[in-house]
Amino acid sequence: MAPYVAPPEATLQAGVPQATLDKFVFSTSKIFPNTSRNVNIFIPAQYVAGTEVPFMVIQDGDEQLMSFKTDIVMENLIAQKRLPVMAAVFVHNPDNFGAERSLEYDCLDADYFNFVTGELLPEVQRRHPELKLTTDPNGRGALGKSSGGPASFTLGWLHPELFRRILTLNGSFVNICKDGPGAGTYPSLVLATDPAKPLRVYMFSGSNDNNGFAAGNQALADALQTKGYPWRYVYGIGAMHANNFGASRMTEALLWTWAGYPLP
């Protein structure tokens with residue numbers, strides 16, 4: 001419920017070491033040809049080169065850095081030893097929230113997964129050979145707001161042997177894909193799939209979210225509960241689709257999503 005204000009961790013606190021943020025432009029995708037997108041690789045100051053590190057792939061990366069201050073929240077929580085020492089790949093959408101973004105994020109095909117695992121992460125490793133991203137699926141997660149929510153969920157749904165910790169804010173769990181099945185089909189897919197997949201899922205929406213979004217999140221939460229998944233759905237009274245509402249939950253959302261993972 002209101003007030004929806006940024007958590008204290010969204011401001012870098014005294015004595016907290018800043019992570020390395022390596023920014024580059026990725027424009028050589030064969031899966032999504034003729035696209036270009038900003039990428040920022042977040043490497044915490046506490047990371048010891050060559051050691052295995054958990055990480056998240058974060059959709060709409062520029063927005064997450066500028067509006068959500070997700071990197072700063074992570075820096076503070078890592079320094080407080082409330083989050084594991086972890087890396088992140090902030091990957092932005094290719095077309096300023098246009099049709100290509102929806103095609104990549106809102107559709108349930110494997111294209112975006114193949115882009116992340118077959119092109120993006122290999123480029124991260126090429127740029128930072130000292131960064132040893134864990135192969136343990138329990139240490140691999142995805143985060144996204146709006147259409148980035150289904151994109152993140154799809155990474156885990158298609159391949160839970162690679163991604164298991166899913167964090168969504170104002171997720172567009174409705175059928176807005178214009179090129180095949182959309183994320184509104186996830187509740188029925190969850191209910192029809194046995195056994196349950198080893199995913200841990202956080203969701204946030206609100207009473208004034210985009211049309212149908214809160215209902216879509218509720219339907220997915222109900223399906224996850226029915227099948228026995230670890231899940232948390234936060235419903236914000238008065239919360240709209242604007243970034244400040246989801247951003248107000250970032251500390252709690254990250255801590256819940258990564259609960260149970262070993263801390264330093």
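These values consider heavy atoms only, across backbone and side chains, with no hydrogens, waters or symmetry-generated copies. FYI, the numbering just counts along the sequence from 1.
- Under the side-chain hydrogen bond (donor to acceptor under 3.5 Å, both in side chains) criterion, Asp22 pairs with Arg127, His128, sequence neighbours left out.
- Atom CZ of Arg249 sits about 4.5 Å away from atom OH of Tyr202, to the nearest 0.5 Å.
- Looking at Arg37 and Glu100, no side-chain N of the basic residue comes within less than 4.0 Å of a carboxylate O on the acidic one, giving no salt bridge.
- One side chain, Asn138 or Arg165, offers a donor N or O that lies under 3.5 Å from an acceptor on the other.
- Atom-to-atom distance recorded for Glu252:CD and Arg232:CZ is 4.0 Å, nearest 0.5 angstrom.
- Distance OG1/Thr257 to CE/Met250: 9.0 Å, rounded to 0.5 Å.
- Using bins of under 30°, 30° to 60° and over 60° for the plane-to-plane angle, the ring pair Phe173/Tyr186 lands in the perpendicular bin.
- Residue Asp71 holds its CG atom at 11.0 Å from CE of Met66, rounded to the nearest 0.5 Å.
- When side chains are defined from C-beta on, Leu65 counts as touching Leu21, because their heavy atoms get closer than 4.5 Å.
- Note: Trp157 and Phe153 have parallel aromatic rings, judged against thresholds of 30 and 60 degrees for the angle between ring planes.
- Between the side chains of Asp106 and Ser172, at least one donor N or O lies within less than 3.5 Å of an accepting N or O.
- Put simply, the residue from Asn217, Val201, Leu224 that forms a side chain to side chain contact (heavy atoms under 4.5 Å, CB included) with Tyr233 is Asn217.
- For the pair Arg82 and Trp258, the cation-pi test (distance below 6.0 Å, angle within 45°) is failed.
- With sequence neighbours excluded, no residue satisfies side-chain hydrogen bond (donor to acceptor under 3.5 Å, both in side chains) with Arg164.
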